[in-house]
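I have placed the structure first, in the form of structure tokens, so that the comments after it can refer back to it.
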Protein chains: 2
Amino acid sequence: MADAIKYLLDESRLPREWYNIVADLPRPPEPVLHPGTLQAIGPADLEPLFPMALIAQEVATERMIEIPEPVREVYRQWRPSPLYRARRLERALDTPAKIYYKYEGVSPAGSHKPNTAVAQAFYNKEAGVRRLTTETGAGQWGSALAFAGALFGLEVRVYMVRVSFEQKPYRNALMEAWGAQCVASPSEETNAGRQILAAHPNSPGSLGIAISEAVEVAAQHADTKYALGSVLNHVLLHQTVIGEEAIAQLEMAGDYPDIIVGCTGGGSNFAGIAFPFIGAGLRGGPKPRVIACEPSACPSLTRGRYAYDFGDTGHLTPLVKMHTLGSTFVPPGFHAGGLRYHGMAPLVSLLQELGLIESRAYTQSSCFEAGIEFARSEGVLPAPEANHAVRGAIEEALRCKSEGVSRTILFNLCGHGHFDMQAYIDFQAGKLEDRAYDEGELNAAFDSLPKVAAE
Amino acid sequence: MADAIKYLLDESRLPREWYNIVADLPRPPEPVLHPGTLQAIGPADLEPLFPMALIAQEVATERMIEIPEPVREVYRQWRPSPLYRARRLERALDTPAKIYYKYEGVSPAGSHKPNTAVAQAFYNKEAGVRRLTTETGAGQWGSALAFAGALFGLEVRVYMVRVSFEQKPYRNALMEAWGAQCVASPSEETNAGRQILAAHPNSPGSLGIAISEAVEVAAQHADTKYALGSVLNHVLLHQTVIGEEAIAQLEMAGDYPDIIVGCTGGGSNFAGIAFPFIGAGLRGGPKPRVIACEPSACPSLTRGRYAYDFGDTGHLTPLVKMHTLGSTFVPPGFHAGGLRYHGMAPLVSLLQELGLIESRAYTQSSCFEAGIEFARSEGVLPAPEANHAVRGAIEEALRCKSEGVSRTILFNLCGHGHFDMQAYIDFQAGKLEDRAYDEGELNAAFDSLPKVAAE
């Protein structure tokens, strides 16, 4: 009998509550500021954009928050997701380390994003909302919201970064198969879009611009709300089912991680796998090292300032305190479109400030190399974003080998790469460039950070 | 508490044996004939192409055949695969029918094909084979063998129908990510390919041609064997894990199918879901109706002759008795490339002759319509091949509605459509044509059937 490679939880052990790390932090998160007054805002100020149930989660301080049964019913289609022991990768690396990965690519949209999309669609439907707007970069988040919208009978309008819209027609087709409408951003539909197009008719778009468009449309229509796929507290909250399940699955395996690795763009899949373990450590349990892996071309955690900043280019969103490269920063092109965001989730940023997590930046070619090694040993082709976590996990496993130490490594494989094959074609053809960001542009973006009296 | 939608078997209930329907049939399959002499051949004649363990399975008569532990270890990565109750689809159709589907898209290659690819790679590795050759149409089989080759350390060379090779660069990239080499067929590498190219320099290729190329290379190299993804008895045998699991999962649900639906190209996924149920019926159990759904543009079961024919265009393969449109028949273009084959598995063909299964042909546009309805209710976007089974299941569910009868329908969702998005783009744009085959060409193909004395 071979050793187990898969740890599946019985459906009866699907988590009943999300975990809110705010309850265990030594200090509370910084307040959110109004984009006009730069003063702290209250829940009511967010009502044009979000239903009250989500706003309440955004500011919640209790440790556990119930997952509504209709959300759990949809989760059950693919959750609890499998935890794997990567024995074939361990053998290929010849490492004494034990490598586990949680696989979120089993969702119908192929990533962790439905964990929050389903919850957000549910609460909006409950609040009588008819339509959701959102932005998407690589398309994972837009696909997830399109899926969730189809299940709950909500219209979904997705503003997709134009360069991705043009490079990835298949993502667009997937969203349309689920009945959503996908629009290239910047578009002529919004003031934010028209302003950009007037100044830059050939603008390739950015997540910051697409957010401005989606927020503008939601704010102007009473039957429409906005949905964000990362960064915000309630989004990270919904992702904690990942880590909660992983704790139970590692218990089945008789193991506990020494090291936890995740990739970070806005921070939600990283938070999902890591927060329940970090929280257990804050409450007196073991304290694994936790490593956030980001692209070196968009290094918000390793190079960003910890400062108040806007979430979008048009400065329509509230300000949050986070690691940021500045809302005017435009990262060079690379394939992990889901990681091309100037900021980082405020909660992840705060954890780094508190010394509870480490961060590292990797070039995309080193990440694709890791992804191919993973595919050939474990059989799953990761998304370009997930390759950053694979890269981090392999680095730690090789460190174990050189130090002659066995450690237990857990990483989150947040999605598959089926919609990113052009990136793999480019990599195999030796055409992937590791383009560095421009130092001058980064400094200019830092200079453009808003001056906030509170800091 | 909502009703269950997912039925997952514990890993301890992963089948230990494949089911061989030959043991339960009222008469044995017809013998295989030598392509030169047209006389019955013995196991030794197949040795240039297959390892002895697979040849033994091809002619086996015992009911149960053990699944080797290394194969089960790989299976465990995604098996037992989930069985779902399609409650949201039932509601959308407003049908009294209960619809269940077995989902094989959870494998790393995204279809049922790894069930046999892993087994074939294992037996070839055991026999000291260094390299496998194969053909692929849409790319699902080539991907599956590339995946299996990577895990067992075998080189894999895939001859891919040229028109698919050009239309689906992402399938090629997936195979290469797993380390396989993919070649457009007809190629200059083989006599079979060169002959076709000499006569038709712009030949779009066909499965029959690609099989000839792969067989030729395997026959000429002692360290190389050939692997086929459907049609043969041992391939169908390996797929029976699908139906074996489904029986146990429906038992969990307290249910048994009245109707079983599968799509058919070569017949392997259909056999996989249906044979264990048909066998139970032959041994005195309940006898569900079993419906094979095929494309109306390549209707081997509904229009083909039951006759001896070659498996390939170059007439290098042995002859088998099957439903065939003639090995010279070239179906018009349509998107379910995995169903574009002139023949049908001999065992599936025999079952139709014995009156144990029904068959139906559907246009591709009616199948894509069904696929979109499925995606919007159940959340999974099916492969174009699988859409034929979805179409058949919906038709039966609507019949239940019009008759006011509740029946239990089980179908096999054999793969996801992530690598078929261009087909969905064409469908959504109203660009899908339902091209009929040419009656004159079909009659000419029938006339070209070999004259076999045994018939």
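Note that this is a predicted model, so its numbers are computed, not measured. Letters go in sequence order (proteins before strands), and every chain restarts at 1.
- R79(B) touches chain A through its backbone: at least one of N, CA, C or O sits under 4.5 Å from a heavy atom, while the side chain does not.
- Interface check for chain A: of the options A150(B), G149(B), A177(B), the most heavy-atom pairs under 4.5 Å are formed by A177(B).
- The main-chain N or O of E11(B) is never found under 3.5 Å from a side-chain atom of K6(A) such that the two would form a donor-acceptor pair.
- Interface remark: E176(A) contributes backbone and side-chain atoms alike to the contact with chain B (heavy atom separation under 4.5 Å).
- Only the side chain of L8(B) comes within less than 4.5 Å of a heavy atom in chain A; its backbone stays farther off.
- Taking non-hydrogen atoms and a 4.5 Å limit, the residue list of residues 164-172 of chain B in contact with chain A, ordered by number, reads P169(B), Y170(B).
- By number of non-hydrogen pairs under 4.5 angstrom with chain B, the leading residue of Q77(A), Q428(A), R88(A) is Q77(A).
- Residues of residues 374-385 of chain A lying under 4.5 angstrom from chain B, judged on non-hydrogen atoms, are A375(A), R376(A), S377(A), E378(A), G379(A), V380(A), L381(A) by number.
- Of all residues spanning residues 104-126 of chain A, those with a heavy atom less than 4.5 Å away from chain B's heavy atoms are P108(A), arranged by number.
- Closest approach of I5(A) to E73(B), counting heavy atoms only: CD1-O, 3.5 Å.
- Separation of atoms CH2 (W78(A)) and OH (Y84(B)) is listed at 9.0 Å; rounding is to 0.5 Å.
- Within residues 415-425 of chain A, the residues approaching chain B closer than 4.5 Å by heavy atoms are, in numerical order, H416(A), H418(A), F419(A), M421(A), Q422(A), I425(A).
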